Protein chains: 2
Amino acid sequence: MIAEVHASRPGGRTARVRADVLAAVESELAEHGYDGLTIDAVAARSGVHRTTLYRRWKTVPGLLVDLLEAGADDAWEPADTGSLEGDLIAVNREIHAALTARPSITQAVIAASFRTAAAADALTRFWEDRYERTALVVSRAVARGEIPGGTDPHQLLLTATAPLYHQLVLLRQPMSRDQADQHARIAAASVR
Amino acid sequence: MIAEVHASRPGGRTARVRADVLAAVESELAEHGYDGLTIDAVAARSGVHRTTLYRRWKTVPGLLVDLLEAGADDAWEPADTGSLEGDLIAVNREIHAALTARPSITQAVIAASFRTAAAADALTRFWEDRYERTALVVSRAVARGEIPGGTDPHQLLLTATAPLYHQLVLLRQPMSRDQADQHARIAAASVR
DNA sequence: ATCTTAACGCAACGTTCGTCGCATTTAGGG
DNA sequence: CCCTAAATGCGACGAACGTTGCGTTAAGAT
């Protein structure tokens, strides 16, 4: 998620317009949720003309994609708690917080990903990047001799994190933080 | 998912219209995917008037909801293979097949559930029903003495099935049937 | 067979959506 | 400071969407 360095004219007004628009997207999202998020509403709130939004962002999902990329934390890496189980619990708590926040930007972007291919691609890239970085907790555990070297990082992370997404996003039912912790423990125990 | 028994006039023409429409929805879905699924296209293909579709089904997600309910198998129950692991593998293979089919009705309904509350509710009810029935594999395992009595069925099923949904639906990446089996084994082992 | 009325067909309407051509502003370079 | 072109503002347009009023058909009751 590198910021667009080769933009032909990223200066003053353009940057200000982008900031205004993304701020409006966030506010609109907070007030009316994803369904109330429309190009016209964002245009009205931001003071930027409809046509400009259609030209630069094309669609509502496009706006959310940009919001996602603008907020991408390039320095993110999983916490090091000293044990595999502790690391997985920390990861799951982050996911749990992101999915239960109201409004949840993550939930909104997921919804958007079912509308346009561009949003789906952006989200896939984002998650690929995150899971790749999170694989660090597995290699650290291997280095500590906690788990065997042949362990598949992705399978392990899937076991730990998938239940949160499934329960909170698809099944649309509550999940306590304790339950989230518990799934991290199950995953950690599965590779011992 | 009981068929609407108290419909005031479900007879001949009305039933025929519904059958024509749902058939058209399925065909249209197969050819153009969810994005190409529009009220007008379904009306044209089915020979039923636009207005009728708007009156009875309101929205495109509404059409998919009805398709889901029409295809609901009220007799469904999980296969009995004689072991918890075998049962979970069987369940996961069904889910795997449903999510990798092309076109996948399940994937389409999931996409629809992010558009209208009615679709989200219908899907939630459907899954609640399925997971409740699938809990049978857990009670059978308890009866066989395979696992302790205090086992939480939902947590176990979540561990087994969530990775499939997450990988195939949200992460939008492939998963082999062997990997699906593997997650069933991990779940089975987690309660031993 | 007749009647009632729910369900459907039909045409027209207003709204929202996304696009286009053109004028205006302004960032960034000479 | 001036010049060029990218970015934005503006108004209008056509198409798609969803709704409404009214006439017609036919299911189900008497």
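Letters A, B, ... mirror the listed sequences (proteins, then strands); counts begin at 1. We use all heavy atoms of the structure for the numbers below, so side chains are in, but hydrogens, waters and symmetry mates are not. Since we're looking at a predicted model, the values are computed, not measured.
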Whole angstrom value for the distance that separates C1' of C/dA7 from CH2 of B/W57: 11 Å

Per B/R50 side chain, nearest of listed nucleotides D/dT19, C/dA7, D/dA7: D/dT19

Candidate nucleotides D/dA27, C/dT26, C/dT19, ranked by approach to the side chain of B/R16 - the nearest: D/dA27

Sugar-phosphate, base or nothing in reach of B/R56, heavy atoms under 4.0 Å: sugar-phosphate

Distance in angstrom units between B/I39 CD1 and C/dC8 C1', rounded: 16 Å

A/R13 (side chain) and C/dA27 (base): donor-acceptor pair under 3.5 Å: no

Ion pair B/R125/B/E69, N-O distance below 4.0 Å: yes

Donor/acceptor link under 3.5 angstrom from B/T14 side chain onto base of D/dA27: no

Pair B/E31 + B/R45: basic N to acidic O under 4.0 Å: yes

Basic-acidic side-chain contact under 4.0 Å: B/E85, B/R185: yes

Nearest-0.5 Å distance, CD1 of residue A/I105 to CG of residue A/L64: 7.5 Å

Comparing B/T59 and A/T52 on DNA chain D - which has the more 5′ nearest nucleotide: A/T52

For atom CG of B/L63 and atom P of D/dC17, their distance in whole Å: 13 Å

OP1 or OP2 of D/dT19 under 4.0 Å from side-chain N/O of B/Y54: no

Proximal nucleotide (of C/dC8, C/dA27, D/dA27) relative to the B/R55 side chain: C/dC8

A/H49 side chain, from C-beta outward: closest of D/dC10, D/dG21, C/dG18: D/dC10

OP1 or OP2 of D/dT8 under 4.0 Å from side-chain N/O of A/T51: no

